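First comes the structure, then the notes that go with it.
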Amino acid sequence: MKIKAFLAAAAAAVMLAGCSSDVSDYPKVTVDSSSKEDSSFVKKTELSYGTGLQEISITAKQDPDPNRQITRRRTPVRQIRGVDVNGNTLSNDFYFYRNLLSGTYKQAYDQIYSALYNGVQTINMSVSVKSSDIANIVYSVYYDHPELFWVDSSLYYYINGSGIVTSLTVYFNGTANNLEQSQQNFEKAIAPLIKLASSLPDDAEKVKLVHDYLTNTIQYVNGSQYNQSAYSAIVNGQTVCAGYAHAFQYCMQKLGIPAAYIVGYAGEAHAWNLLQLGGEYYCMDVTWDDPVGNPPTTYYYDYFNITDAQISKDHTRDAISAQLPVASGTLYSFNSYFGGNQYGSDFSGLDYSSTIPSGYNSTPSTPSSTVPHSSSASTPPYSEPNYSVPDYTVPSYSEPDYTIPSYSEPDYTVPSYSEPDYYYPDDDYSYIDDWSDEDWDNYWNEFDSWLFDNDNDYDNYDDWENYYFGDDWYDDDYDDWYYDDFSYDDWYYDDYCW
């Protein structure tokens, strides 16, 4: 299928042998548009379009202890954000589905992602989530993070007698059996493409190179291994629509271009992408631009940077994806930007002997757990390194010019309620440290019960919470200052840690 057999075999040989490749061996796959009319080519109508999205399976179970309550954290889990190929922290614009959640459920999202990012499968929740809402939170994590290629599409969770999720367990696929090695395989396979694409002069050229590479190195194969992940597309070279879409999303994130994973229906369950270029949104379906039976060196751009109005003739977004921005951009469509007469990309610049760019890895280097239900799971040997405290000085910096953004307190009324019956732990209860973990658990559990028993009051509580923890100030402005200007992480991890 196109140059796949040749390029994939050459890439695999280089990666396995660990040696450089003569880039002149790769064919230049630029094809004149006139060849589209060659009678030797298969007619477009004779081709078929792939789907293959596997919907996430979520099973609810009754907690063995129906009275079990969640244990709240004293400090909320911090959001973990990835980095692009240049080491820049991704903004919240890249986390489309997280942005749809309320302040409380963003904390649940962050807790789940943090656990999966670190290879933890069973998560004891520290945020109150109703059983009716857990699915959307899990979907949001899965759809926003293509780098979690070891996460499978099934899970189960426990609920207590009040309908609150107490824990959830997510299944991993076989790549988690040796996660560190799987990550190295993935990064080595994709790094040359990211490096070449990042050298191009503008974002539209980067998008086209990734589109062409994926359609020319991936084969659509139903039943292919790990086919719901980017790993199947990038490392194995065989996947279905979910693998195409996750791989495209991952590449866009590395190139600093916001892209979302879209799920919906196109004859059957299907996945494609939404991306942002120049402030406009576009639809991209790499799978359908790589139809089954597509002959070698033939390119299609029917689903390259098109609008929702255009794609809706045969694609329909699912409920959660329908909440994302509408694609109506035209400036970067294939016809508008490339003139409709350019076909194919030059892959001769791919250099598999090059090193992975600095700051490239956005996944954990050492998982904290492997697949517990797999007999082949193992933990790599480890020895304590020899080190001494490094010489360092606290970096100089000046606090950035920053003003708290203007906002007005939301209209709400303090809910009417009576304080639950409980006893303060001692006479001097004004000192927070005197409260034991058990005291705090009892306090929060009674407070949660009151919130869930009084829906109107709970709505008012949401107003108050969004006022203090909403995205407008805390998530966007404070995080940008903390991560980008203050640069505490750079000092702590680079200068202080050894």
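Given the structure is predicted, the values throughout are model-derived calculations rather than measurements. When reading the values below, keep in mind they use all heavy atoms of this one structure, side chains included, and skip hydrogens, waters and symmetry mates.
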Ring centroid separation for [X] and [Y], is it under 6.0 angstrom?
X      : Y      : value
His315 : Tyr265 : no
Phe149 : Tyr226 : no
Phe347 : Tyr213 : yes
His246 : Tyr142 : yes
Phe248 : His211 : no
His270 : Tyr49  : no

Does either side chain, that of [X] or that of [Y], offer a donor lying less than 3.5 Å from an acceptor on the other one?
X      : Y      : value
Asp290 : Tyr244 : yes
Ser126 : Gln111 : yes
Ser328 : Tyr282 : no
Tyr261 : Gln249 : no
Thr169 : Gln121 : no
Asn173 : Thr175 : yes
Ser154 : Asp152 : no
Gln228 : Ser153 : no

Would you mind checking if Lys130 and Asp133 are paired as a salt bridge, meaning a charged N to carboxylate O distance below 4.0 Å? no
Between the side chains of Lys208 and Asp212, is the shortest nitrogen-to-carboxylate-oxygen separation below 4.0 Å, so that they form an ion pair? yes
Residue from Asp314, Asp308, Thr307 passing side-chain hydrogen bond (donor to acceptor under 3.5 Å, both in side chains) with Gln310: Thr307
Value for CD (Gln219) from OG (Ser224), rounded to nearest 0.5 Å, stands at 10.0 Å
Run the numbers on Asp110 and Arg78 for side-chain contact (heavy atoms from CB on, under 4.5 Å), then give the verdict. CA-CA 7 Å; Asp110 293 341; Arg78 290 287 298 175; over 6 Å; no
I'd like to know whether Asn136 forms a side-chain contact (heavy atoms from CB on, under 4.5 Å) with Ile320, so could you lay out the CA-CA distance, the side-chain angles of the two residues, the decisive distance to 0.1 Å, and finally the verdict. CA-CA 8 Å; Asn136 274 354; Ile320 185 171; 4.1 Å; yes
Working for side-chain contact (heavy atoms from CB on, under 4.5 Å), residues Val77 and Gln107: CA-CA 7 Å; Val77 177; Gln107 294 176 34; over 6 Å; no
Return yes when atom CD of Glu55 has more than 12 non-hydrogen atoms of other residues, nucleotides or ligands closer than 6.0 Å, and no otherwise. no
